[in-house]
Amino acid sequence: MLLSIVVPVFNEEESLPELWKLLSAVLKENYDNWEMIFVDDGSNDGSAAFLEKLAHKEPRVRPVYFRRNFGQHAAVMAGFAETKGDVVVTLDADLQNPPSEIPKLVAKVLEGFDVVAGKRMGRQDSLLRRWPSLLMNHLISSLTGVKLNDYGCMLRAYRKDVIECLLKYGQRSVYIPAFTSWIGTKVIEVEVGHEGRKHGTSRYGMLKLLRQCFDLVTAYTLLPIQIISIAGAFFAVFGTLLAGYLMSFRFYFGTTST
């Protein structure tokens, strides 16, 4: 089995050395065949330089570089396109996803699951991050019909054929967990640890959550079209009745002269 690790990176210069140390230790201890795909999403710090040096030292590390910031979804999809593994694991570069949890997720894929999603236990984010996430989890579960507790966790494992399906059909879907659930994969959620951010601050604000909410509603349900159709029909009927009333009023009573 070849294991692929995909890590989107944006201005994580301070976190990358420790992440590499932890990741490489876990992989070398548990797996013979592995590769790492780091996708630098237009970082303007020293992230790209670190990845370039790392790739020269470790041939199983393959960086991908974006000229500008395209967002996490684009970075993950670019990483997927470079993977060759039978199982693909994604995680953030900010050290909040413990690499030590990877074997737990991979074991579940080998048991027969298509997607293994992490459920963050003892989450270290602030209330301003957790409450919007709870709302998003409820929305996604309602739209996809798959009841997961933590759609926002980046620590996930995928079977190879799911990745192939994502690359073929999921390029426009900005929410990968929702898409994989929507296409009918066998999904399970496992508890994983969660660490506080050691360097920098989160770049995942309320505006991004609102944009994701809009994308989800428009991508996975006909509700917006149905609402617009009903509203259009209502105004059409109302306009027809009003026009009939005005014509009848003028026919029977004429116009008021001044």
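Put simply, the side chain of S24 gets close to the backbone of K21: a donor and an acceptor are under 3.5 Å apart. Side-chain atoms of S4 never come within 3.5 Å of backbone atoms of E35 as a donor-acceptor pair (strictly under, hydrogens ignored). Side-chain N or O atoms of T83 include one that pairs as donor or acceptor with a backbone N or O of F80 at under 3.5 Å. A side-chain donor-acceptor contact under 3.5 Å links E101 to the backbone of G193. Listed for the N97 side chain is no donor-acceptor partner under 3.5 Å among the backbone atoms of L91. Although no hydrogens or angles enter the test, the distance criterion places a donor-acceptor pair under 3.5 Å between the side chain of N69 and the main chain of D41. For N11 (side chain) and N44 (main-chain N/O), a donor-acceptor pair under 3.5 Å exists by modelled atom type. In this structure, D94 contributes its side chain and Q96 its backbone to a donor-acceptor pair below 3.5 Å.
With sequence neighbours left out, E111 forms a salt bridge (charged side-chain N to carboxylate O under 4.0 Å, His left out) with K108. For F70, the ring-ring contact (aromatic ring centres under 6.0 Å, His included) partners at least two apart in sequence or on another chain are F66.
In the hydrophobic cluster analysis, where Ile, Leu, Val, Met, Phe, Trp and Tyr join through side-chain heavy atoms closer than 4.5 angstrom, L2 is grouped apart from V26. Transitive grouping of hydrophobic side chains (ILVMFWY, heavy atoms separated by less than 4.5 Å) brings L19 and L22 into a common cluster.
Rounding to the nearest 0.5 angstrom, the gap separating the CG atom in L16 from the CG atom in L54 is 8.5 Å. Once rounded to the nearest 0.5 Å, the distance linking NZ of K119 with CE of M121 reads 5.0 Å. Separating the CG atom in L105 from the CD atom in E189 is a distance of 10.5 Å, to the nearest 0.5 Å. With rounding to the nearest 0.5 Å, the separation of CH2 in W34 from CD1 in I102 is 11.0 Å. Rounding to the nearest 0.5 Å places CD of E52 at 14.5 Å from CZ of F38. With rounding to the nearest 0.5 Å, the separation of CG in D40 from CZ in F50 is 12.0 Å.
A donor-acceptor pair shorter than 3.5 Å cannot be found between the side chains of S47 and E13.
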If you apply the rule side chain to side chain contact (heavy atoms under 4.5 Å, CB included), what do you find for V39 with V76, and how did you get there? CA-CA 7 Å; V39 184; V76 172; over 6 Å; no
Working note: E18 + L95, criterion side chain to side chain contact (heavy atoms under 4.5 Å, CB included); need CA distance, chi angles, decisive distance, verdict. CA-CA 8 Å; E18 185 175 354; L95 298 174; 3.5 Å; yes
Using the side chain to side chain contact (heavy atoms under 4.5 Å, CB included) rule, take L27 and Y31 through it: C-alpha gap first, then chi angles, then the decisive distance, then the call. CA-CA 5 Å; L27 295 178; Y31 307 102; 3.9 Å; yes
Could you please spell out the steps behind the side chain to side chain contact (heavy atoms under 4.5 Å, CB included) verdict for L3 and D86? CA-CA 6 Å; L3 176 63; D86 304 293; over 6 Å; no
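Residues V9 and S43 form a side-chain contact, since some pair of their non-hydrogen atoms from C-beta on lies under 4.5 Å apart. Contact annotation: the side chain of E82 approaches that of R62 to within less than 4.5 Å [non-hydrogen atoms, C-beta and beyond]. Taking 4.5 Å as the limit, every side-chain heavy atom of V87 sits out of range of all side-chain heavy atoms of K160. Side-chain atoms of R156 and V89, non-hydrogen and from C-beta on, never get closer than 4.5 Å to each other. Taking 4.5 Å as the limit, every side-chain heavy atom of V88 sits out of range of all side-chain heavy atoms of V162.
Residue I37 is tested with V64, T90, I5 for a side chain to side chain contact (heavy atoms under 4.5 Å, CB included); the sole match is V64.
Residues A75 and P8 share a closest heavy-atom pair of CB-CB, 3.8 Å. Nearest approach of Q72 to D92, heavy atoms of both residues: NE2-OD1, 3.2 Å. What you find for L51 and Y65 is that their closest heavy atoms are C-OH, 3.9 Å.
Comment: D114 engages R159 in a salt bridge, judged by a side-chain N to carboxylate O separation of less than 4.0 angstrom.
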